[in-house]
Asks: 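My questions all concern the structure below.
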Amino acid sequence: MANKVTTVKFDTLLNRAVTEVIVEQELVEMLHSGRRLRLKQGFDPSCPDIHLGHAVGLRKLRQFQELGHQVILVVGDWTAQIGDPSGESLTRPMLSPAEVKANATTYMQQFFKVVDREKTEVRWQSEWFDKFNLSDVIRLTSKFTVAQLLAREDFNRRYKTGRPLALTELLYPLLTAYDSVIVEADVEFGGIDQKFNCLMSRELQVMMGGTPEQVLLVPLLIGTDGTHKMSKSLDNYIGVDEPPKEMYGKIMSLPDNLILPYFELLTDTTEAELEEFKHKINTESINPMLLKKHLAREIVTQFHHTQAAQEAEGYFIKVFQKRDLPEEMPIFPLSFTTYRHLVESSHSQIETLQELFNNEETHQLLTQKKLFSHFHKGEEKRLSAKASEPGQILVDVIDLSLVAGLIKSRGEAKRLLKKGAIEVNGNKITETGPIAIEDGSVIRVGKRRFLRLVNIDN
RNA sequence: GGAGGGGUGGGUGAGUGGUUAAUACCAACAGACUGUAAAUCUGUCGUCCGAAAGGGCUGCGCAGGUUCGAAUCCUGCCCCCUCCA
């Protein structure tokens, strides 16, 4: 346990991927005491997805666990109803208990990809807040002043700039502070943006006759846009639950200047290696792309496994660097026979179609219906099935792409067409109109959108 | 209770009766380039018809109204902010 641990280890523990420790000296003493510490980590179940930004703190938790300490995961099923004030979205719908529960399950499944389940205790706010009555609320709120709460930077900014600030939002820090009191937290973990809340916890703990928790704040991770902190609302995040290929690709799309911070905050790369990477980048003695691939492998391995990382890399090289087709892609199933039949007899009924495709998935069924109804609209749109070779059908690729959801609108399709962004079996398409398609033909839009047509008659 | 300000496309935010499908920026998408889904450059960015020129439709909190014509004016409603009490 803690007594075996050297000061050198503490140094990394308290410095790498850490912005601030309050109060560092006290935390060091605690760590040396040999006591099993209670590490509090809260989460808001209205937003159950964990991304790499969260992972920075969770990795830190994990490191503490490896020294034998205990994590207390507090499920904010009450604070979820208020909404995290930093989100600035007032109109967050209140979640039903069932939704909260479902979200919590999702969250934990991701949470335990990083944190050791064995050394984690899960507590729900409702354990204590369900019993709260008005006098409890008054007792709690009377301990703080408005000025104190407005000291929080984002409250203050919103107040000053005339943006909405709900009364309940001011309650948020008080409730999370109360959590700390109940779970008897020794150390609270959070991003630097949680600093205010954590400090409130300390104050309240003292007011209620306890010892103030120590606070360990980790830096905010910059998102894929390269400027803002990673967050779901900005859609610049990489989820820990994303498929390997997606995760790998998103990391490759990071601006090059994020390579080092990501290595530092999200991997176990040694300090020496970090220095080496830094040197190589500064002297331009390595193509940043290679380092980024290394980073992507590391991270995908961490959240999936080595093989997945290799496959993702293979995919990346094949599809994006070489611009080949991927081995697997979405499939558009279509009965060629039926297709011909319907195209030839323009008066076929949609109902007939429904019957024909009854065994297909609903979604596909719908899209196929649309495809055919489109052809039925105008005479000139009718295609001559006879003109095509056996084993082929004539299809307007644009229509097909629209139906399949590959392209959003006809307008977009036209624009893409003009730029040569659409290809079929490797040949660029430059105008609308029917094209001979066979079983297994591939439609590609841009670099990333693919569709393989499959004849279900075979 | 009183006085005033405001709600615009995914986001920020211009626009106060026609030249506005709506400035700008961001995001997004595509193309070129590239050993990166980096960077850079170029273009696109409501939707439908059309090869195109062009033409429909929908659209500026919600519902009505005035007008040849409304994001812009009027009425009611909903929501937000500020000050006074």
Side-chain angles (χ1 to χ4, degrees), chain A residues 87-92 155-169 222-238 242-263 277 280-281 284-297 299-300 312-324 326 370 373-374 377-381 396 398-399 401-402 405-423 428-434 443-450:
Chain A
E88 295 198 17
S89 56
L90 267 178
T91 51
R92 178 176 289 182
F155 282 160
N156 200 278
R157 195 183 62 245
R158 282 163 66 189
Y159 186 70
K160 277 193 181 148
T161 55
R163 311 184 73 126
L165 180 57
L167 207 50
T168 47
E169 291 184 80
I222 302 292
T224 53
D225 61 352
T227 14
H228 303 287
K229 75 159 183 170
M230 185 174 281
S231 84
K232 198 172 185 180
S233 52
L234 289 173
D235 197 24
N236 64 353
Y237 69 98
I238 305 175
E242 291 192 46
K245 284 174 196 158
E246 201 62 22
M247 196 179 255
Y248 190 98
K250 281 191 178 182
I251 293 164
M252 289 310 287
S253 81
L254 291 172
D256 291 350
N257 62 354
L258 288 185
I259 296 174
L260 285 174
Y262 270 58
F263 265 117
F277 292 165
K280 279 184 176 168
I281 287 181
E284 291 181 13
S285 55
I286 190 172
N287 182 341
M289 184 261 295
L290 293 174
L291 261 186
K292 206 151 45 163
K293 276 182 168 174
H294 181 25
L295 175 70
R297 274 196 309 272
I299 293 180
V300 174
E313 181 159 300
Y315 179 85
F316 181 82
I317 293 170
K318 191 175 167 71
V319 177
F320 294 103
Q321 295 195 278
K322 296 190 182 154
R323 288 214 65 168
D324 275 353
K370 264 198 250 157
S373 64
H374 178 80
K377 260 198 308 205
E379 197 69 14
E380 70 288 345
K381 267 280 171 196
D396 187 325
I398 299 303
D399 288 335
S401 306
L402 279 167
L406 217 55
I407 300 176
K408 282 195 227 73
S409 72
R410 298 208 95 80
E412 188 192 11
K414 276 179 201 170
R415 284 176 235 126
L416 291 170
L417 214 55
K418 252 184 217 158
K419 291 172 175 171
I422 302 176
E423 51 185 59
K428 278 186 183 164
I429 303 294
T430 48
E431 49 191 33
T432 48
I443 302 172
R444 177 174 199 162
V445 178
K447 272 176 267 191
R448 315 174 52 177
R449 286 174 268 175
F450 302 95

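These values consider heavy atoms only, across backbone and side chains, with no hydrogens, waters or symmetry-generated copies. The sequence lines fix the lettering, A, B, ..., with proteins before strands; numbering per chain opens at 1.
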Asks: Using whole Å, report how far CZ of A:R444 lies from P of B:A37.
Replies: 11 Å
Asks: Is there a side-chain contact between A:I429 and A:L417 in this structure, where contact means two heavy atoms from C-beta onward sitting under 4.5 Å apart?
Replies: yes
Asks: Which listed nucleotide (B:G35, B:C49, B:A38) is nearest to the side chain of A:D256?
Replies: B:A38
Asks: Tell me whether the centres of the aromatic rings in A:Y315 and A:Y248 are closer together than 6.0 Å.
Replies: no
Asks: For the side chain of A:R323, counting heavy atoms from C-beta on, which of B:G35, B:A32, B:A37 is nearest?
Replies: B:A32
Asks: Please state how far atom NZ in A:K418 lies from atom C1' in B:G31, giving the value in whole angstrom units.
Replies: 14 Å
Asks: Considering only the C1' atoms, how many Å lie between B:G17 and B:G69, rounded to the nearest integer?
Replies: 8 Å
Asks: With a 4.0 Å cut-off on heavy atoms, is A:K245 in touch with a base, just the backbone sugar-phosphate, or nothing at all?
Replies: base
Asks: Between A:K293 and A:L254, just flag the one whose closest nucleotide in RNA chain B comes earlier from the 5' side.
Replies: A:K293
Asks: In whole Å, measure the gap between the P atoms of B:U47 and B:C79 for me.
Replies: 33 Å
Asks: Would you measure the distance from the P atom in B:C74 across to the matching atom in B:U66 and give it in whole Å?
Replies: 15 Å
Asks: For Watson-Crick and G-U wobble pairs within 3.5 Å on both distances, what is RNA chain B written in dot-bracket notation, | included for inter-strand pairing?
Replies: ((((((((.[[[..)..(.....]]].(((((.......))))).((((....))))...[[[[[..)....]]]]]))))))).
Asks: Regarding A:G411, tell me which of base, sugar-phosphate or nothing describes its non-hydrogen contacts under 4.0 Å with the strands shown.
Replies: sugar-phosphate
Asks: Are the side chain of A:K293 and the backbone of A:E313 linked by a donor-acceptor contact shorter than 3.5 Å?
Replies: no
Asks: Are the side chain of A:K250 and the backbone of A:Y237 linked by a donor-acceptor contact shorter than 3.5 Å?
Replies: yes
Asks: Could you state the atom-to-atom distance from CZ of A:R410 to C1' of B:U44 in whole Å?
Replies: 18 Å
Asks: Please check if the side chain of A:R410 supplies one atom and the backbone of A:E412 the other of a donor-acceptor pair under 3.5 Å.
Replies: no
Asks: Kindly point out which of B:A38, B:G31, B:G35 is positioned nearest to the side chain of A:K292?
Replies: B:A38
Asks: Mind checking A:L290 for me? I need base, sugar-phosphate or nothing, with any heavy atom below 4.0 Å counting as a touch.
Replies: base
Asks: Work out how far the C1' atom of B:C80 is from that of B:G31, and round it to whole angstrom.
Replies: 43 Å
Asks: Return the value, rounded to whole Å, for the distance between atom CD1 of A:I259 and atom C1' of B:U36.
Replies: 9 Å
Asks: Could you tell me whether A:K419 contacts a base, only the sugar-phosphate backbone, or nothing, with contacts defined as non-hydrogen atoms closer than 4.0 Å?
Replies: base
Asks: Less than 3.5 Å between a donor and an acceptor, one on the side chain of A:R448 and one on the base of B:A37, is that the case here?
Replies: yes
Asks: A:P255 side chain: which of B:A37, B:A30, B:A38 is closest?
Replies: B:A38
Asks: If I take atom CG in residue A:D324 and atom P in nucleotide B:G35, what distance separates them, rounded to the nearest angstrom?
Replies: 17 Å
Asks: When you compare B:U72 with B:U23, how far apart are their C1' atoms, in angstrom units rounded to a whole number?
Replies: 16 Å
Asks: What donor-acceptor contacts under 3.5 angstrom involve side-chain atoms of residues 284-291 of chain A, with partners at least two apart or in another chain?
Replies:
residue	atom	partner	partner atom	Å
A:S285	OG	A:K280	O	3.4
A:S285	OG	A:T283	OG1	3.1
A:N287	OD1	A:M289	N	2.9

Asks: With sugar-phosphate meaning primed atoms plus P, OP1 and OP2, does A:K414 contact a base, only sugar-phosphate, or nothing at under 4.0 Å between heavy atoms?
Replies: base
Asks: Nearest to the side chain of A:E412 - B:C29, B:G35, B:C48?
Replies: B:C29
Asks: Is it the case that more than 12 heavy atoms not belonging to A:K318 sit under 6.0 Å from its NZ atom?
Replies: yes
Asks: Taking atom P of B:A38 as reference, at what distance in whole Å does atom CG of A:L260 sit?
Replies: 19 Å
Asks: For the pair made of CG in A:N236 and P in B:A38, what is the distance, rounded to whole Å?
Replies: 15 Å
Asks: In whole Å, what is the span from the CG atom of A:L258 to the P atom of B:A39?
Replies: 10 Å
Asks: Strictly distance-based, threshold 3.5 Å: is any side-chain N or O of A:R444 a donor or acceptor partner for the main-chain N or O of A:K447?
Replies: yes
Asks: Measure up the A:F263 and A:F277 rings against each other and bin them: parallel (under 30°), tilted (30 to 60°), perpendicular (over 60°).
Replies: tilted
Asks: Write down the distance separating the P atoms in B:C33 and B:U42, rounded off to the nearest Å.
Replies: 16 Å
Asks: Look at all strands and tell whether A:Y248 reaches a base, only sugar-phosphate, or nothing, counting heavy atoms closer than 4.0 Å.
Replies: nothing
Asks: Any side-chain N or O of A:S409 below 4.0 angstrom from OP1/OP2 of B:U47?
Replies: yes
Asks: Judged by each residue's nearest nucleotide on RNA chain B, which is more toward the 5′ side, A:V445 or A:I251?
Replies: A:V445
Asks: Can you tell me which nucleotide in B:A37, B:U47, B:G35 comes closest to the side chain of A:R415?
Replies: B:U47
Asks: Can you check the distance between B:C48 and B:G65, where both ends of the measurement are the C1' atom (answer in whole Å)?
Replies: 30 Å
